[in-house]
Amino acid sequence: MANPKQFCTFFLDGLYFGVEVTNVQEVLRYQPMTRVPLAPAIVEGLINLRGQIVTAIDLRRRLELPARTGEKLPMNIVIRADDGAVSLLVDEIGDVVEIQDDIFERPPETLRGTARELVRGVYKMKERLLLVLDTQKATHCN
Amino acid sequence: MALNNEALQQQLINDLIIESAEGLERFDNEILRLEKGAGKSDSLNIVFRAIHTIKGTAGCIGLGKIESVAHVGENLLSLLRDGKIKISPPMISALFEYSDALKEILGCLEKTGQQGDKDYSSLLQKLQQLQTGEAPAGETPLRAAAMPTASANESWGLFADDVAPVAAPVTPAVSENQSWGLFDEESAVASTATAPAPAATETPPPVENSPARAAGSVSETAIRVEVSQLDKLMNLVGELVLARNQILQFTGEATEPALHHASQRLNIITTELQESVMKTRMQPIDNIWAKFPRIVRDVTRELGKKIQLVMEGNETELDRTIIEAIKDPLMHILRNSIDHGIEKPEVRVKAGKPEQGLLILRAFHEGGQVNIEIMDDGGGINVARVKQKAIEKGLVTAEAAARLADRDVFHMIFLPGFSTAEKVTNVSGRGVGMDVVKTNIEKIGGSVDIFSEPGQGTTLKIKIPLTLAIIPALIITSHGERFAIPQVNLLELVRLEGASARSGIEMLYGAPVYRLRGQLLPLIYLNRELGLAELSEAKPEVVHIVVLQADGQHFGMIVDAINDTEEIVVKPLGKQLKNIPCFAGATIMGDGKVALILDVLGLAQLSKVIAETRDRALTEKPAESARADDRQTLLLFHAGKNSRLAIPLSMVARLEEFPLHSVERAGDQEVVQYRGQILPLIQVSKYLTQTETAAAPQDPMQVVVYSESGRSIGLVVSRIHDIVQETITVKRETPRRGIVGSAVIHDKVTDLLDVRGIIRAAEPNFYAAAEKV
């Protein structure tokens, strides 16, 4: 029996996503941001994380989801990447959940677009499906 | 557990790679000494130990190839060390080849994790032949050991007598590492104890290497720290400095004395911490210079020249990021000097110079910068040939070339595609080189200058900042966003108001230009270049032009507002943003927000403002520099009721205004708090003879900040007039206190202030302390 894995979950346009807890450095509420002119569209800006400058990526835009509407400010999930930290902007933070590997399934062939590259697979949870995000790919600009 | 072992193995391999690189560097240097006949008494011990360590460590972590290659050389070295054979020129070459082979395998190991499959058997055979071939034939091992030669005695030092009897039974033929065993250990320990400092830091390898011991030679006073760890520390200190600044702002308004004390302490400790952390990143320049003797030797041989390399100031320290950045440029300059600069021995003799050329590398600190000079006593730069080459390559027209001053001709060798080498050699002359050197040095905020005397030699002077981590920068605003511009790129600021704001900027086929002192300055709009806003048709009331230089060319950048200059901490951008050419990094401002640092060269290239103007910039220069030579830029001001005063602008760090109530007293000295430091103030009028009692102080005070060797002092004046460029003739008259002389500037008699004299009179400790720093 494989060890259960822990996932930090979050919501994005009604979808339920998860990233492995070991990849997550911290979760922050919205931070003031500095825009970067000429940057790739997915880069929302730069935030100051205790003296470290962290690039914030709008995950909705990265996953080609419709733009965020309403007053609610996005949250930061700070991911440890190869060259320092990167922040993913998400709608809402969920719980940390522990999942066994046996309910995992590869993404269905019908999944299209960027989601096809970035979603590693699906955990068939009781209430809903948890999409597992490939953080390395998600933080990379094409 | 399996994973743990793997990680441990990788750690051991990494340690081996670092350790071996250091060891092989020492190896090369000692062999070089031996070649020159200047070997130290323990040179052979040092080279032997370097190899022995590599072999031992490689063996115990299962790197068979390194172990076996190292082993063959070790045998030869042990014979040499014991004086059983004498060192010879072919042997030295073979040993260098051997060291290269080891470096190659280690390099391969670092890159691929494998030792590679290159075959070194011919080299190994050569080394083996040298062992037997050079040893006196037929000599019995006993005799060899019983009658140690003079050099054996030297290399053994004290230990020789004790050891000889033990060594006696060991024949050279079986002097393999197994049989060396214990004995070997003892010798290494003994020489470590007596050896001078550099050797002493190395611990001899244990025979029964346990993995833990092999992991690194840990000396008692130094530890290895990951560079990333230091960078992190640096980051946190930068953040602490910001927090400190905010606290100081609050406590400035508070009246609680205890709070004042605490914040003062915090202030001092933070400053000291910042300095200490900066120091941990400093490395002696010797870290790169140590490789140069070997390179010079190889290149010199290849070209059939004779050169002596002298290095001064090896201990000069600079930031590790800068050390990395100047390594290749320096190497290139050295190769160039050897190839183009220093002549062949026969040519030198004919010119009446010693056969051996001299190449001097000198490093020293001056004015908060690191200076590196590379001098050769070669043929110098042939001005006529450079001009001819430049015309041939279409870099300059014949008429323009005729007008060029020698100094400008020297600078032409930094143009891309330029090479005067008669033929392309392996070493240089491929036309990529000096321009890359210049670009690389300018990239880190440095500058290169060149001086040459025909027949006497060439000197290259490089000035580079101490550190890249903290740089002075101008903060500007464009479209509501703040940006930092490194001060090294900044020439001047121009502000156009009213009518000149509306008509000062002219269009040339859609390209905006401004007439700056009669010369056309191409302009770019920062808003538009960054895609922040389209150019609006409305004419603004005020236009701010930041005059910048990139790659030796000038251009103006129009921004919305100019804020201030600040010392900023440079931080890198993430990989998602690396491809944007116009940003060099980011920094955190006093309010905790992030601001982007503009890469002026990248921005200029992106906007194509400098690409085509290169030739023009070159041809314009001579006229300008001819005039500039005897012209001085002066700051004109009044102090009290004296006549107009002037000081050279180069002595002025900044002009500041301080409200009168910000003046505090430290002892009997007036001071103000300035950029987190205490700035002593001097009332200039008090030190000039003519003044009666000091006039009522003005509010705000006008202060000229003067800086030297990291210390600053404020000169309080009553009015600042202007900055002028003038050719002045100083008339010395009867000496007056505080005045060096007088001159006519802009049709008015103006006294030249003796700044140093006044400071010495007011603050006798200023220079003494500055010198100490």
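Computed from a predicted structure; not experimentally measured. Order of the sequence lines sets the chain letters (A, B, ...), proteins ahead of strands, with each chain counted from 1.
- Residue B:Cys582 comes nearest to A:Leu38 through the heavy atom pair SG-CD1, 3.5 Å, listed as atom of the first residue, atom of the second, then distance.
- Top candidate by heavy-atom pairs under 4.5 Å with chain B, chosen from A:Ile47, A:Ile57, A:Val54, A:Val36, is A:Val36.
- Using a 4.5 Å cut-off between heavy atoms, B:Leu577 contacts chain A through its side chain alone, with no backbone atom that close.
- When all heavy atoms of B:Phe583 and A:Pro37 are compared, the closest pair comes out as CE1-O, 3.3 Å.
- At a 4.5 Å heavy-atom cutoff, the contact between B:Leu606 and chain A is made by side-chain atoms alone.
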At a cut-off of 3.5 Å, what donor and acceptor atoms pair up between chain B and chain A?
| residue | atom | partner | partner atom | Å |
| --- | --- | --- | --- | --- |
| B:Glu239 | OE1 | A:Gly51 | N | 3.3 |
| B:Glu239 | OE2 | A:Gly51 | N | 3.4 |
| B:Lys571 | NZ | A:Gly51 | O | 2.3 |
| B:Lys575 | N | A:Asp83 | OD2 | 3.3 |
| B:Gln576 | NE2 | A:Thr139 | O | 2.6 |
| B:Gly592 | O | A:Asn48 | ND2 | 2.9 |
| B:Val594 | O | A:Thr34 | OG1 | 2.6 |

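- What you find for A:Ala39 and B:Ile580 is that their closest heavy atoms are CA-CD1, 3.5 Å.
- Using a 4.5 Å cut-off between heavy atoms, B:Leu573 touches chain A through its side chain atoms alone.
- Between A:Ile53 atom CD1 and B:Ile588 atom CD1 the span is 4.5 Å, to the nearest 0.5 Å.
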